[in-house]
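Have a look at the structure below before the remarks.
Values below: all heavy atoms of this structure, side chains included; hydrogens, waters and symmetry mates excluded.
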Amino acid sequence: MKLENPFPEYGYFGPEYFCDREKETEAMVEALKNGSNVTLMAPRRIGKTGLIHHVFQQMKARDKSVQCFYVDVFPTKTFSQMVQFIASAVMGKLDSPSKSLKRKLDKFVAALRPTVTPDPLTGMPTFSFSVEPDNARETLSQVFEYMKESAQQCYLAIDEFQQVSYYSEVGADAYIRSIIQFIPNVHLIFSGSQQHLLAEMFMSPKHPFFNSSQIMTIKEIDREKYAAFANSFFKKQGREMPQEIFDYLYNLVDGQTWYIQKILNRLYRSPKEDLCQAAVNRAVNDILSEQEINYQNNYHLLTENQALLLSAIAHQGIVSAPTALDFIMRYRLPAPSSVRQALKSLQDKEYVYQTPNGDYLVYDRFFALWLRRLQG
């Protein structure tokens, strides 16, 4: 698919528009091909979902017979909702036109209430399902049995898998593990952005998924490779971004992929503009202006202590010890106990993110820039 703007903010549009991740891609492909499940841990907006789709594209390019499914369960609140998402993604996709749809439905979806509609492009049936909470476990078992009996090599990515830990259903993770461990033609990618939860689920002996998959993390894309990737498109416009300008852009948002893409997307829209620092600042200002109302609303919903702490972290950039006396005095914060309470609330609301190194920063990099400008 040819894009008008080669810097998409969302979605995966093929390898032409995907930057680097060569080592990560190969490592994940090799793990899956050799029978391992994979757990992918990374903060939001660093390119985790894009990597999964790129891995699937590479696998299908090498072997057209493989079947790949992606499900984002972040919106789910219950185990039955997750099962519904997985069933809708998988059921019916492994049938060939010669197979009887009715026979498939009779055999595998007795516990479901399927709605079948034809795809407007291919004419093939598409499915949506309702899953009753009491039948959720049986339904999930049927979905995996459907994949097993297809005898096709299947790969299922469940994004934001840490949602399972929030479900009220006891033992949901144990039941999932009990199903998948005996299906040789199905392998999974468990991915998520709340790394502390995923680490607990997959690296603690207390949990059913302990030692059940290969653990992978991804970091920022190398800035020089990213600059070369960006310039491969800018050169078609007769422009080039100097490395020092790309470094400025990269550092402005801490190398986070989605924010870089959004700025590059804006810069690409003005093909006659010099790719200088002023142009980068104009693009960022436009983005912040568009989000002004949203940021104002979010900021005013915070308590006074939460707002003070969030602004302080935004100004500092990265904070290793938010209850340290020098940090509290510099930004005129309340007592350490109040800072700890505010910090926990900000983490729970995902305004603040704690890195694997234990440092704290504002999760939304554009919100952090807005906060810095708010206070001057």
Using distance only, find each side-chain donor-acceptor pair of residues 199-213 under 3.5 Å and give its atom names and separation, not counting sequence neighbours.
residue, atom, partner, partner atom, Å
Glu200, OE2, His207, NE2, 3.1
Ser204, OG, Lys206, N, 3.3
Ser212, OG, Phe209, O, 2.6
Ser213, OG, Thr39, OG1, 2.5

*With sequence neighbours left out, write down each residue that passes side chain to side chain donor-acceptor pair (under 3.5 Å) with Glu350, or none if nothing qualifies.*
Arg44, Gln194
_Check: Gln256/Glu220 side-chain N/O donor and acceptor closer than 3.5 Å_ = yes
*Could you note down all residue pairs passing side-chain hydrogen bond (donor to acceptor under 3.5 Å, both in side chains) where residues 169-180 supplies at least one of them, sequence neighbours left out?*
none
*How is the hydrophobic cluster of Ile218 composed, in terms of its other members, when Ile, Leu, Val, Met, Phe, Trp and Tyr link through side-chain heavy atoms under 4.5 Å apart, directly or indirectly?*
Tyr12, Phe18, Met28, Val29, Leu32, Val38, Leu40, Ile46, Leu51, Ile52, Val55, Phe56, Met59, Val66, Tyr70, Tyr155, Ile189, Met216
*asked:* Quick check on the 6.0 Å ring-centre criterion: do Tyr226 and Phe246 meet it?
replied: yes
*In terms of the angle between their ring planes, are Tyr268 and Phe7 parallel, tilted or perpendicular, with boundaries placed at 30° and 60°?*
perpendicular
*Begin with the C-alpha distance, continue with both residues' side-chain angles, and end with the deciding distance and a verdict on side-chain hydrogen bond (donor to acceptor under 3.5 Å, both in side chains) for Glu160 and Gln162.*
CA-CA 5 Å; Glu160 302 300 347; Gln162 75 277 340; 2.6 Å; yes
*Kindly state each residue pair satisfying salt bridge (Lys or Arg N to Asp or Glu O under 4.0 Å) with at least one member in residues 322-332, sequence neighbours excluded.*
Asp326-Arg330
*Would Gln261 and Tyr10 count as having a side-chain donor-acceptor pair, cut-off 3.5 Å?*
no
_Under the side chain to side chain donor-acceptor pair (under 3.5 Å) test, residues paired with Gln163 that sit two or more places apart_ = none
_Student check: side-chain heavy atoms of Asn185 and Ser150 closer than 4.5 Å_ = yes
*asked:* Would the distance check show the side chain of Asn135 and the main-chain N or O of Glu138 forming a donor-acceptor pair, the cut-off being under 3.5 Å?
replied: no
*asked:* If we ignore hydrogens and angles and just use 3.5 Å, is the side chain of Arg239 paired with the main-chain N or O of Pro271 as donor and acceptor?
replied: yes
_Taking the ring centre of each residue, are Tyr299 and Tyr295 less than 6.0 Å apart?_
no
